[in-house]
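First up is the structure itself, then whatever we jot down about it.
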Amino acid sequence: MSDEKLTPRNIDFSEWYNTLVLKAELADYAPVRGCMVVRPYGWALWENIQAALDRRFKETGHVNAAFPLLIPMSFLEKEKAHVEGFSPELAVVTIGGGEKLEEPLVVRPTSETVIGSMYAKWIQSYRDLPVLINQWGNVVRWELRTKLFLRTLEFYWQEGHTAHATSKEAEEETLRMLGVYADFAINEGAVPVVRGVKSECEKFAGAVQSLSIEAMMQDTRALQSGTSHFLGQNFAKAFEIQYLDQNNTLQHCWTTSWGLSTRFIGAIIMTHGDDQGLILPPRLAPIQAIIVPIFKSDPETAAVMEAVNRVQTELKAAGIRVKVDDRTEVTPGFKFNDWEMRGVPLRVEIGPKDVEKGSVALARRDKPGRDPLTGASGKSFVPQAGLAAVVADLLTDIQKSLLERATAFRDSHIFDPKDYSELTEVVQNGWAYSFWCESSECEAKVKEDTKATTRCIPLDREKGHTLTGAGGKCIVCGKDAKRKVYFAKAY
RNA sequence: CGGGGUGUAGCGCAGUUGGCAGCGCACCGCGUUUGGGACGCGGGGGUCGGCGGUUCGAGUCCGCCCACCCCGACCA
C-alpha cells in the first residue's frame, strides 16, 4: 500500500530506487543483512522474465536441469582464476548434522565447477556434444555492499552451461546467447543495451573472454544486465571434460556459461520508472491493464460492475493480463496512484458516465496521468465495443515508446570526448565512447581519476566481432588504439 | 573493513532539565463517501535494539555490544 510520494529522482536517485522497490511491493529486506525477500508482485515480474528467456533458450536448443546448491570446496580450487575471483565472497558450510565436515562445502556462487564435474562424467564421445543445459536457481555471493535486486547476498538467476567439440562452436554459442539476452532486453524489457566484450580486468573469473549487455540507467550509471562467457578449455581441463573425436583422439571440450539475474528487475526499474513510481514494459508487466470501477450509489454499482466484468472478460479473452481493483475501502483516486506506483502500463476506468455512454476512460502510465498545472486528466475516452483491440494496440505502442524514450536518453548521454580532460567530465553524467589502447594501466587510471570503468568494447551486431577500422589514439595515454570502449560509472 | 547515520506501535517520526510513552499514517468497528491520494465517531496495538552502570526514579545520562541504512574499498 502506498501512502506517500516518492523522493524525486533528481533529488536522490538511490533513495528513489530503494523506496520504490519497497512501496511497489517488489521486494523487502530479509532478516539477514544483504538478503532480500522477493514479494509476489516482484516474483510475478521475474516469472514473466523467466518465461520470455526460457522460451528463447528452448528455441536455441537448450534444456533445463537442476544442480545442487552445495559444492565441495576443492572443486572451486581446481580452476586458479576462478577460486581467486570468488573465494573472498564465498559462504562456506563447515558443520552438517552437528558434525564438523571433513571437507567444507561452499554455497554455490555460480555452478561452473559442479556442472563441469558432471559433464566430465556424461561426456565421452563427440556424439555427446554439444551439451546445452540451463538451470534456473539461486546463488550466494558474500557481497560487502548490497542493494535490493542489484546486489544481494543471494540472488536468483539462470545460468547456462554448454560444452562443445570446438572452440569455434563454443565461441558461436557465447555470441548467440549474448544475442538472446540483447533481444530479450530490448524487445521484452524495452531496455536498450549495448553488447560487447569485457576488458581483461572486468571479465569473469576463469573465462577466456566475457561478453556483456550494458544498459544505461536514468542516473546514467551503467548496469551490466547479462553476461555470456567463453571459457575456452579452462574448466574442461580443470574437470577433465574430455571426448573422443572422430579420429579416436582424446580432446578437451570447449565450454561456455551465461547468466542473467533478478538484477534485470533493477534495470527495468531504473530505466523506465518516474517520480510517480514504476513503469513496467507491457510485455513483462504482471498486470497489463488495471480496471478501476467508479460508482456512487447501489444502483450505479450494479450497472458499473456489470460493465466492468464484461470488459474484464473481453480483455482476458484477448490474452491481456487484466485485473479489476474492486476494493471498496479506498477511493478511485487512491487506486490511480496505487497502480501508478506499481507501474501498470494501462488503466481502464469505468464509471456511471461510461455506462451511460458505453465508453471507458483510458490512462497510459507512460504519459502523464495528471497535468500538475491544469489538473487536466490526460485520459482518453473510447467505446467499450472493440476495446480489446484498442488496448492491445495501446500496449504495443507503450512498449515501443518506452524503448524509444530509453534509447533517446541513452544516446543523448553517450559522448565522444576529444581529450582525457573531457573524458573525466563526461563520465560524471554519461558514458564516454573512446579509443583505448586496452592496457590495464590506462583502464586503472580512468577508474582512479573518475570512478568510471570500462564497460565493454562494442560488437558489430551483424558481424558479431568487434569493430575494426582505421583505429585512433588512446584517450588516456595517446598511444595507438584499435578499438573503442565505453567508459562509465557502473552499478 | 574505514567514514557517516539510525534504532521508540505495522510504517514514518516526536519525546525539552531524568519524573504517567506520544503524534501522523496504517489497522479494527459503525456511518457517510467514491471520476486523482475521502471524512466523522469509537477502538486495539509498546521488552523505547540488547546487556550493564549511575539514580529514589532512565526512552532520556555513562559504558560495552548488536543490527540495519547511506557513502567508500570489493563485486552480477
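Proteins come first, then strands; the chains are lettered A, B, ... in the order of their sequence lines, and each starts at number 1.
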What nucleotide, of [options], holds the atom closest to the side chain of [X]?
X        : options             : answer
A/Phe334 : B/G36, B/G37, B/C74 : B/G37
A/Tyr29  : B/C69, B/C71, B/G36 : B/C69
A/Arg33  : B/U34, B/C68, B/G36 : B/C68
A/Phe295 : B/G35, B/U34, B/A38 : B/U34
A/Arg145 : B/C71, B/G35, B/C68 : B/C71
A/Pro332 : B/A38, B/U34, B/A73 : B/U34
A/Lys447 : B/C74, B/U34, B/C70 : B/C74

Can you tell me how far [atom1] in [N] sits from the matching atom in [M], rounded to whole Å?
N     : M     : atom1 : result
B/G59 : B/U17 : C1'   : 15 Å
B/U8  : B/G50 : C1'   : 14 Å
B/U54 : B/C61 : C1'   : 8 Å
B/G5  : B/C74 : C1'   : 22 Å
B/G24 : B/C39 : P     : 13 Å
B/C70 : B/G31 : P     : 45 Å
B/G43 : B/C23 : P     : 13 Å
B/C68 : B/G63 : C1'   : 22 Å

Hey, does the side-chain of [X] have a donor or acceptor N/O within less than 3.5 Å of a partner on the base of [N]?
X        : N     : answer
A/Asp354 : B/G35 : yes
A/Lys379 : B/G36 : yes
A/Glu340 : B/G36 : yes

Let me know the distance between [atom1] of [X] and [atom2] of [N], rounded to the nearest Å.
X        : N     : atom1 : atom2 : value
A/Trp142 : B/C1  : CH2   : C1'   : 16 Å
A/Tyr491 : B/C70 : OH    : C1'   : 13 Å
A/Trp16  : B/C70 : CH2   : P     : 15 Å
A/Leu150 : B/C74 : CG    : C1'   : 16 Å
A/Glu349 : B/G37 : CD    : C1'   : 14 Å
A/Glu15  : B/G5  : CD    : P     : 17 Å
A/Asn337 : B/U34 : CG    : P     : 18 Å
A/Leu144 : B/C1  : CG    : C1'   : 8 Å

Legend entry - A/Arg405/A/Asp366 ion pair, N-O < 4.0 Å: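 No, this pair does not count.
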Legend entry - Residue met sooner reading RNA chain B from 5', once A/Thr331 and A/Gln224 are mapped to nucleotides: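 First, find each residue's nearest nucleotide; the 5'-ward one identifies A/Thr331.
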Inset, instruction - Please figure out whether A/Ile294 or A/Ala30 has its closest RNA chain B nucleotide nearer the 5' end. - result: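 That would be A/Ile294.
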Report the relative orientation of the aromatic rings in [X] and [Y]; use parallel for angles under 30°, tilted for 30 to 60°, perpendicular for over 60°.
X        : Y        : result
A/Phe235 : A/Phe239 : parallel
A/Trp254 : A/Phe230 : parallel
A/Phe264 : A/Phe184 : tilted
A/Phe204 : A/His229 : parallel

Heavy atoms only, 4.0 Å cut-off, all strands: where does [X] land among base, sugar-phosphate and nothing?
X        : result
A/Lys353 : base
A/Ser14  : sugar-phosphate
A/Ser261 : base
A/Thr152 : base

Assigned partner base of [N], Watson-Crick or wobble definition, under 3.5 Å:
N     : answer
B/G24 : B/C11
B/C64 : B/G50
B/G2  : B/C71
B/U32 : B/A38
B/A58 : none

Inset, instruction - Any chance you could lay out the side-chain hydrogen bond (donor to acceptor under 3.5 Å, both in side chains) test for A/Glu84 and A/His82, step after step, and finish with the verdict? - result: CA-CA 5 Å; A/Glu84 280 175 6; A/His82 194 63; over 6 Å; no
Inset, instruction - Examine A/Arg221 relative to A/Tyr491 and say whether NZ or CZ is less than 6.0 Å from the centre of the six-membered ring and inside a 45° cone about the ring axis. - result: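 Output yes; distance and angle both within limits.
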Legend entry - Phosphate OP1/OP2 of B/C70: any A/Asn18 side-chain N/O under 4.0 Å: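 Yes, within the criterion.
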Inset, instruction - Could you tell me whether the side chains of A/Thr7 and A/Asp12 share a donor-acceptor contact shorter than 3.5 Å? - result: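 The criterion, which ignores hydrogens and geometry beyond distance, is not satisfied for A/Asp12 and A/Thr7.
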